[in-house]
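Have a look at the structure below before the remarks.
So you know, we letter chains A, B, ... as the sequences are listed, proteins then strands, and number each from 1. Just so we're clear, the structure is a prediction, and the values are computed from it rather than from any experiment.
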Amino acid sequence: MKLASKKAKVGFFSLSCCEGCVLAVLDLEEKLLQAFKQIEIVESRLLMEKVKPSALRLDIAFVEGSVVSKHDLNKLQYIREKSDFLVALGACATIAGIPGIRNALPPGLKEKIKRQAIKPIKEKVFPLTAFVKVDYLLQGCSINEQEFLDFLNKFLHGAKPRLQEVPVCFECKLRENACLLLKGEACLGPVTYAGCDALCPSQNVQCIGCRGFTNDANFESLDALFKEIGLSRKERYNLFTYFNQLPEQLKHLKGDR
Amino acid sequence: MNYVLSKEDLAPFLAQLSKRFQVIVPAKNDSGIVTFQEFSGQEVCLETERLSSPKKFFRPAKEKIFSFAKKKEGYEVKPVFDKTKRVIFGIRPCDTHALQALDELFIRYYGLDQFYSSRRKNTLLIALQCTKACENGFCQSMGTSQAVGADIVFTERGDEFFVRPETEAGRAILDRKLFKQTGDAEPSSKISCKVSLETHNLAENIYRGFESPVWKQEAERCLSCTSCTQVCPTCYCYTTDDEFEFGSGSKSSRFRFLDSCQLKRFTTVAGNHMFRASRSSRLRQFVLHKFSYYQENHGMQLCVGCGRCISVCPTKISLVEIANSIQKQVLEGAK
Amino acid sequence: MITPEKPELAEVLEVKQETSDTKTFTVRFENPKRQKKFFFVPGKFMMVTIFGFGEIPLSISSSPYKTGFMSFTVVNVGNVTNAMHSLKKGDQLGLRGPFGNGFPMQRFRKKNILFVCGGCGIAPLRSAIYAVREKKEEFGKVELMFGCKNPQSILFSQEMDQWGKQGISVQTTVDKPSPKWAGNIGVVTSLFKNSVLSPENTVALLCGPPVMIHFALIELRKKGFKDRQMFASLERMMQCGVGYCSHCNIGNRYACIDGPIFNAAELKELPVKEE
Amino acid sequence: MHKTGCFSIKEITKVEGHANLNVELEDGVVKKCELEIYEGQRFFEEMVIGRHFSQIPLIVSRICGLCNVSHLNTAMEAVEKAFSVPVSGQTTILREIATNGEFIKSHALHLFFLALPDYLGRESVLDFNKEEHKYVHQGLDLKKAGTDIVRLLGGRIYQTISIRPGGFTLIPDRKKIDKLLPLLEKHRKTAVDAVKLFASFESQLPFERKTDYLGLVREDYSLVDGKLKFLSGKEIEEEDLLKHVEEFVAPYSNARQTRFEKKAFRVGSLARVNLNRDALEPAAKDLIKELGLRFPNDKIVHNNTCQAIENLHLFDRTIRLLTGLKTEKEPVKKIIPKEATGIGVTEAPRGTLYHHYNFDEKGFVKKANIIVPTNQNNNTIEQDLKEFIPTLLDLPQEKANREIEKLSRAYDPCISCATNFLKVKWKKS
Ligand SMILES: Cc1cc2nc3c(=O)[nH]c(=O)nc-3n(C[C@H](O)[C@H](O)[C@H](O)COP(=O)(O)OP(=O)(O)OC[C@H]3O[C@@H](n4cnc5c(N)ncnc54)[C@H](O)[C@@H]3O)c2cc1C
Ligand code: SF4
Ligand code: SF4
Ligand code: SF4
């Protein structure tokens, strides 16, 4: 994976989503211009009219959005085929995020949606990992620009970036915030991957899990804690399924809406 | 000779110091908790309750330790030392003991950790004795309720401080205009902690409880959130990683990051093999490292009884309760 | 100022592709004086820096009697090892060490030696094998039992042929055979029945994945090996090599300074299998 | 271009979202002109059902990356109105400032990165020559001013954090505001240049069509509240919008369209300036006069000019608001839910935005309805194209396509927003 001298060919793709993540990348502004010295954007519908002929193969593809239709799926598979390295960008692409709320709708509403849809859609919304091999995940809604830059920098040097598997509380403590749980407010920090610099708790707002649940989450314990704090079953269900699919361990929260 | 300083004169004293030093004081941050921060005229907080320690000035969360530059003749490896001249005001006795424990490992044990010792050497400590017990502290049990190794020791007495310089360097920064000499005896700084830990034969007893069911029971609640290790003034475990400078061809640096034994990742090696995959084993590692392993290796406790890990745990797991109940079990079992 | 964390410059003398994912790097310190003073006991490891990518522990796989260089046998598993695999002759890397206790080779004198290893675990043992071969007269009979995933991943197969000729009994086994494979199939413990060494006067040196070590110790005990006769090299996460970072903590011991070699009696005392 | 036949433009680029255009011509007359929005439908209106009111603003702000603050504001207004929670004066001002920031950012992005290449005859910003490269920096400067404002108040540029129903969870301190002000002063000049630049493109897209305009009207051109008004004179209550504006679904598109009294209307910058021209900041008004621009105006190219004008206006207004601002710590208002209905209407960068929710007694959503600007403009774009395409018959197809895209792009359509909702009222034959 040595890129060294050649410019890396980069593509940005959006499946169904708000496109905030690619916009967040654009917000790197000067730093992005600097990175442009090392990369060549060869495909981006938001930025240019025509795909560059050199885009037949990509060194790295950034894909945001989730797969909601056959069209999205075809596009994703096409991107995977022509890219050496595929990065899922943002909550929609990594954990199905907000669009994934649809998956848990009661059957009646689901039917309604199906009936309403003009173009064929999939019954459920899926993150990219459900269909293709994803080489790296940049989590968050929206992504953290600094994390993007760090990743890109590592990648351009030929390093294999590793996911840092720590919970939000880790970074929250480093920022010396007063813990919301201790104040009696619900927070998903203990079960959510960090990397955001504990952005929400640092602004006195609960973590809502936009970076996905950790592989080491103790849902039962946190749920018990929320109950103690005074959250109703429905509120707890709401919170745990804000961005994420309801974990197996919390099946008991499910109920009629 | 000892001195007194009126509380009103504290700010002028610190302001004076900040001309020559980076002065660190305890003060409330945006989210209302007391943290150690650079002095810029803000109100110094003398509350005993304190969730953050001055650890970050000795073991920062992210610390650059080397810079690597590729030159024609080859790589240039330069260590990066923090040589900031610093004064930390208001460090509590437990935290001074915490530094002693770290000194043991990083200065006296294997070799000299220059990065740590450079910070240590360039920092003057002004300790503030506790006159009121904090919520979860158990320094009395741990024998850490009196400051050690500080350059100056302050004790509150009404609206003034009783000041006892301990070192030459400490004495040298006392301003003669603000500090008045006194022949008084030092005011008592005896407190009575609400929490107490049985420490007789602690290291051995608790290790004998290695297989105790208590670990599992307690760990069921544990969120593996790492808060306990983050706030602990002696938790020093770290990870290193290299990073390239952005946009530069080959310049890179090595960083040291504070890590936590409560993470699965902490013991994961190639092949995805984890040596402490279960929550209970990780919780046990934390407690045993504090009470048992360090004692065996270094002859001192790694826990200084500050009680922060108890205060900060969202699920109210207390290492004191764990240790007490295990000791009880072990001793009863031995009968 | 010397700090225990400071990597010293070294250069790559030779790179040899062993298998599809494994290479052996022969390196030496750039500073000739440093190289001259450098000596180690088999089983010790170095902290190896690939500048910009990071630092990892690697066992020395060359002979302790060859003083002009040392070698590492490295599997490409992640970031740093991947970067290391792109090094060429003449490239620079950083070295610290040697660290760890190493095998107590003097205590093995006059004894038979049984080497048991799996996969890349052969790296530290190779160094011990060289040491034994070099001073043949000091040791008794030597057997090597080596388990691998498949025939393609067998390391040092040419060298093993040589060792065989020099009187070391070499036996290999694979989990998944190829059509052409004529040797043993199964885990490494399935070779133990072939051993001719009597347990009383033999020491066993083990290195490999945790499961392999676990079962090998059980089987060897069954054969009559005493705990003090069995030495295993443990792999643990390591960041510093000098007992600072605490990643390799096993009970109150550190794999980096008290290990990585522990005898089975010590292993029994330690919470090795914490789960 | 053939007088008779079909053509489509696949994946209109440089707009936010995915859309095709399908056209059928017969003897020089447009028989069919369909903006086919094929971006996957996202069903936010259904997804919020059963969700707690506290989550609504944050869920719906994910409708669109470009205008998340607007969606947030509108949803918050709906929630706060439903549960009768008046917010403090400081909150109102801070929200307006955040909205201004988002407008500046959104307009700058569209003007310099998506629209400008059209007017300079380039395929994309990446193809700008040395001379034109300065525009990239101008665009970035303006965008930076906008993003810095949003970041200061919201804690993040996209999907802001501290703007919550009931107030702000973190009030920016004065020091940070003082740091921001000089930056705004500095880039204000760029905003002036931008107006001049985009006003000069009039001849590039001379198309003009008389139609109606809708927007919020207030004496000082506020974007977060005001009265809903059509240029043709009709004023409507927020609650009654749906009585006057009819929503329908075109069978070929994943997005809804809207009509007012059976006619298409425009929303967005052009509509707002047409309606509020007298309420602009003095500098903006003077510049309009200096450039000889006249409003009301029906040239769609001036939607872009108006974006630039709005930016200048917003710079001045934001600087004024920030300079006088004394920030005080205040807690977020506690909201106690009840069974209620709430409606929020604000201006988003692309036009009027409308959110409507029904809550049950515990504050969980029972029903939701959201109308976004692009839905309102879609019908107008089609109407425009029906008139516009016949004027292009002399051009080769490729050039004609470009002109068509140029016109659609001038509207700054945001398709992500538009596809979040879908109500099918048509029957399959
Ligand atoms: C004493 C000792 C001797 C070793 N000798 C050899 C050897 O001779 N040849 C060889 O190929 N490998 C050896 N290893 C293993 C080698 O250190 C790891 O494969 C290497 O660190 C992986 O680094 P990476 O950056 O390439 O992988 P990463 O990208 O970091 O990740 C790959 C995997 O390796 C694990 N890992 C990462 N860093 C370390 C570390 N410092 N220690 C242990 N595991 C780690 C990770 O948890 C992960 O599961 C030895 C390890 C130890 C402790
Ligand atoms: S506020 Fe949330 S993220 Fe921070 S420590 Fe508490 S639980 Fe963890
Ligand atoms: S603070 Fe409590 S919940 Fe968190 S890791 Fe420590 S013991 Fe577990
Ligand atoms: S283990 Fe807990 S009580 Fe002991 S020093 Fe650490 S934080 Fe304080």
Exercise. Do other residues, nucleotides or ligands put more than 12 heavy atoms under 6.0 Å from D:K134 NZ?
Worked result: yes

Problem set entry | Other residues, nucleotides, ligands: >12 heavy atoms within 6.0 Å of A:K124 NZ | no

Do [X] side-chain atoms and [Y] backbone N/O form a donor-acceptor pair below 3.5 Å?
| X | Y | result |
| --- | --- | --- |
| D:T169 | A:Q203 | yes |
| D:R164 | A:V205 | no |
| A:R102 | D:M47 | no |

Exercise. Which bit of A:T241 is near chain D, if near means a heavy-atom gap under 4.5 Å: side chain, backbone, both or neither?
Worked result: both

For this session: Counting only heavy atoms closer than 4.5 Å, note whether A:I143 contacts chain D via side chain, backbone, both or neither.
Result: neither

For this session: Going by the side chain to side chain contact (heavy atoms under 4.5 Å, CB included) test, name the single residue among D:L109, D:T147, D:I157 that passes it with A:L23.
Result: D:L109

How many angstroms lie between [atom1] in [X] and [atom2] in [Y], if you round to the nearest 0.5 Å?
| X | Y | atom1 | atom2 | result |
| --- | --- | --- | --- | --- |
| A:E235 | D:R51 | CD | CZ | 12.0 Å |
| D:I63 | A:I98 | CD1 | CD1 | 10.0 Å |
| A:N144 | D:R156 | CG | CZ | 8.5 Å |
| A:N204 | D:I171 | CG | CD1 | 10.0 Å |

For this session: Measure D:S54 against the heavy atoms of chain A and call it side chain, backbone, both or neither at under 4.5 Å.
Result: backbone

Exercise. With a 4.5 angstrom heavy-atom cut-off, which part of D:F168 approaches chain A: side chain, backbone, both or neither?
Worked result: neither

Problem set entry | Partner chain A: residue of D:V332, D:L170, D:I161, D:N68 with the largest heavy-atom pair count (under 4.5 Å) | D:I161

Exercise. Which residue out of D:H52, D:K362, D:K105 racks up the most heavy-atom pairs below 4.5 Å with chain A?
Worked result: D:H52

